[in-house]
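Written out below as structure tokens is the structure these notes cover.
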Amino acid sequence: MKVTEHIKQAKSTLFSIELLPPLKGQNINSIFETMDQLMEFSPAFVDVTYHREEYVFRNAGNGLLEKHVVRKRPGTVGICAALSNRYKIDTVPHIICGGFSRQDTEDALIDLNFVGVDNVLVLRGDPIKSEGRFVPDPDGHAYAVDLVSQVLAMNEGKYLDPDLKDTTQTGFCIGVAGYPEKHFEAPNRQSDIRNLKAKIDAGAEYIVTQMFYDNKAYFRFVEECRAAGINVPIIPGLKPLASKAQLNVIPHHFHINLPDELVQLVDRAASDEEVRRIGIDWCIRQSKELMAAGVPVLHYYTMGKAKSTQAIARAVF
Ligand code: FAD
């Protein structure tokens, strides 16, 4: 079932989660363990992230370094198929522009359609770590809006090969990302929201936000989106803090701010276990306020930390 149908049918705020595929070489049990801890809260859908290739340099033994291309977390499509089979749950695989030609994308969408996936979260993807800026595949998409258009074309039965006859129409419900504190590359908030509106105009039906720790950022973002004519559901994404190191890692990696009250609480904590408790309490406060404001879904970035999400869901749902 589509995410938008879940939202339409819901009588109260829904619960959903995001999972990361395990590192290559690991099995799928960690995913099942996370699900087993969270199924009691009846997630409406489960997102599974997509991780593109990275470059690593290995010592070639002769004083030289060899460049290798590795994908550390493959398995997005397989995990979606396994989850819907085992838990009878709707999955939302993430699909990205980076590293994909249009043909690769078309074939990936065919796989997703064949395994019964009804939803995709469409993203551009970040630059490869060793590259300063995002470089699309020579025959790929430069922005998420172009990938939205390709998915929509397949929903209308239009494939890349114009000679194909009697094609099947896919029925993907398309979600896209939004940034309450602005995407880090955007020159200003207004242009970022114009680009977000272009994704909705191209066919996206809902937005999931980047994580934020101050609900005021979300409420302001929703107001600005509505003023810009974006009328689709805007799902807040939340991630409980779990370690002191995240005070620096999260702003660095996700380009967001942490409120000073939270920073001071974490600074005073004696251990990461205490930070985890602070993170859970903070996230419960955020969740309750967002729920009271009538958000359609509370979406949690579990990042392999099911216990924190479980404690939050227990207090909120
Ligand atoms: P876009 O919408 O393409 O925007 C990227 C930048 O370009 C923005 O600054 C925007 O304002 C600007 N822009 C957009 N269109 C135009 C245009 N036509 N002309 C000029 N500028 C334009 N990454 C992964 O690799 N895998 C994942 O699974 C993943 N999941 C995510 C889930 C969520 C909920 C979020 C919020 C992010 C996720 N990301 C993931 C990270 C995401 O790929 C990065 O944030 C990326 O840098 C931007 O992706 P986007 O889809 O928002 O890009």
Side-chain angles (χ1 to χ4, degrees), residues 3 16-22 45-54 71-77 79-80 91-100 105 108 112 117 119-129 131-137 140-151 174-204 206-213 217-218 221 224-225 228 230 232-239 250-256 297-304:
V3 166
S16 69
I17 54 172
E18 179 189 280
L19 303 176
L20 262 67
F45 54 88
V46 180
D47 277 52
V48 183
T49 54
Y50 185 89
H51 299 260
R52 68 174 299 181
E53 75 282 6
E54 293 173 30
R71 277 193 62 214
K72 292 188 177 165
R73 293 182 186 271
T76 304
V77 180
I79 291 170
C80 288
T91 57
V92 187
H94 294 187
I95 59 169
I96 66 171
C97 306
F100 277 74
T105 297
L112 292 172
V117 163
N119 303 284
V120 282
L121 191 75
V122 169
L123 302 141
R124 186 196 69 181
D126 280 324
I128 291 188
K129 279 189 187 118
E131 292 178 343
R133 49 184 276 278
F134 178 79
V135 181
D137 184 276
H141 300 297
Y143 295 107
V145 63
D146 307 315
L147 184 50
V148 170
S149 299
Q150 184 173 2
V151 180
I174 305 169
V176 290
Y179 300 84
E181 297 178 63
K182 184 180 95 55
H183 184 261
F184 69 102
E185 292 167 21
N188 60 40
R189 295 177 66 83
Q190 293 90 330
S191 72
D192 205 25
I193 289 188
R194 275 197 300 277
N195 290 328
L196 177 57
K197 171 113 180 0
K199 294 193 276 192
I200 306 305
D201 292 346
Y206 71 98
I207 295 164
V208 183
T209 76
Q210 181 60 281
M211 65 191 71
F212 54 90
Y213 291 86
Y218 170 83
F221 176 65
E224 289 173 351
C225 285
I230 296 173
V232 299
I234 302 178
I235 299 176
L238 298 174
K239 173 178 154 63
I250 287 181
H252 177 71
H253 195 79
F254 298 103
H255 309 276
I256 60 166
V297 185
L298 284 165
H299 185 68
Y300 295 93
Y301 299 113
T302 63
M303 315 288 270

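This chain uses plain numbering: 1 for the first residue, then up along the sequence. Worth saying up front: this structure is predicted, and the values here are computed from it rather than measured. Whatever order the structure lists them in is the order used to number ligands and atoms, beginning at 1.
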- line: Rounded to the nearest 0.5 Å, the CZ atom of F212 sits from the CD atom of E181 at a distance of 9.0 Å
- request: Give the residue and atom name of whichever protein heavy atom lies nearest to atom 11 (O) of ligand 1, and the separation in Å to one decimal.
  value: D192 OD1, 2.7 Å
message: I need the L238 CG to Y218 OH distance, nearest 0.5 Å.
response: 9.5 Å
query: To which protein heavy atom is atom 35 (C) of ligand 1 closest, and what is the distance rounded to 0.1 Å?
result: A177 CB, 3.8 Å
query: Under 4.0 angstrom from atom 4 (O) of ligand 1, is there any protein heavy atom?
result: no
query: Counting heavy atoms only, which of I207, N195, V208 comes nearest to atom 12 (C) of ligand 1?
result: N195
Between OG1 on residue T76 and NE2 on residue H51, distance to nearest 0.5 Å: 6.5 Å
message: Please report whether ligand 1 has a polar contact with A144, defined as an N or O pair separated by less than 3.5 Å (distance criterion only).
response: yes
Ligand 1 contact by K199, heavy-atom criterion under 4.0 angstrom: yes
message: How far is atom 25 (O) of ligand 1 from the closest protein heavy atom, and which atom is that?
response: Y50 O, 3.6 Å
message: If only side-chain N and O atoms count, and only distance matters, is there a donor-acceptor pair under 3.5 Å linking H94 with T49?
response: no
query: Looking at side-chain heavy atoms only, is the closest gap between E18 and V208 below 4.5 Å?
result: no
message: Just to confirm my output: which protein heavy-atom neighbour is closest to atom 52 (O) of ligand 1, and how far is it?
response: Y179 OH, 2.8 Å
Part of D126 with heavy atoms under 4.0 Å of ligand 1, whether side chain, backbone, both or neither: both
task: Kindly compute the distance separating NZ (K182) from CG (N188), expressed to the nearest 0.5 Å.
output: 7.5 Å
Part of F134 with heavy atoms under 4.0 Å of ligand 1, whether side chain, backbone, both or neither: neither
message: If I take atom CG from residue D192 and atom CD from residue E185, how far apart are they, to the nearest 0.5 angstrom?
response: 9.5 Å
statement: Of all heavy-atom pairs linking I234 and C225, the shortest is CD1-CB, 3.7 Å
- request: Kindly confirm or rule out an N or O of T49 lying under 3.5 angstrom from an N or O of ligand 1.
  value: no
- prompt: Should the pair F100 and Y50 be assigned to parallel (<30°), tilted (30 to 60°) or perpendicular (>60°) ring geometry?
  reply: perpendicular
statement: of all protein heavy atoms, closest to atom 53 (O) of ligand 1 is R124 CB, 3.3 Å
- request: Would you mind telling me if ligand 1 is within reach of the side chain of H183, the backbone, both or neither, using heavy atoms under 4.0 Å?
  value: side chain
message: Restricting to non-hydrogen atoms, name the atom on V92 and the atom on F45 that form the minimum distance, rounded to 0.1 Å.
response: CG2-CD1, 3.7 Å
- prompt: Which residue supplies the protein heavy atom nearest to atom 18 (N) of ligand 1, what is that atom called, and how far is it?
  reply: Y143 CD1, 3.7 Å
- request: Determine whether P127 and V135 make a side-chain contact, defined as any pair of heavy atoms from C-beta on separated by less than 4.5 Å.
  value: no
Best match, G125, P187, A142, G175: closest heavy atom to atom 43 (O) of ligand 1: G125
field: Nearest-option assignment for atom 28 (O) of ligand 1, heavy atoms, candidates H94, E18, E185
entry: H94
query: Between A217 and P180, what is the shortest heavy-atom contact and its length?
result: O-CB, 3.7 Å
- prompt: Is it the side chain (CB and beyond), the backbone, both or neither of Y301 that lies under 4.0 Å from ligand 1, heavy atoms counted?
  reply: side chain
statement: Per-atom filter on ligand 1: closer than 4.0 angstrom to a heavy atom of A186 are 9 (O), 11 (O)
- prompt: Can you tell me the protein heavy atom closest to atom 38 (C) of ligand 1 and the distance?
  reply: L123 CD2, 3.6 Å
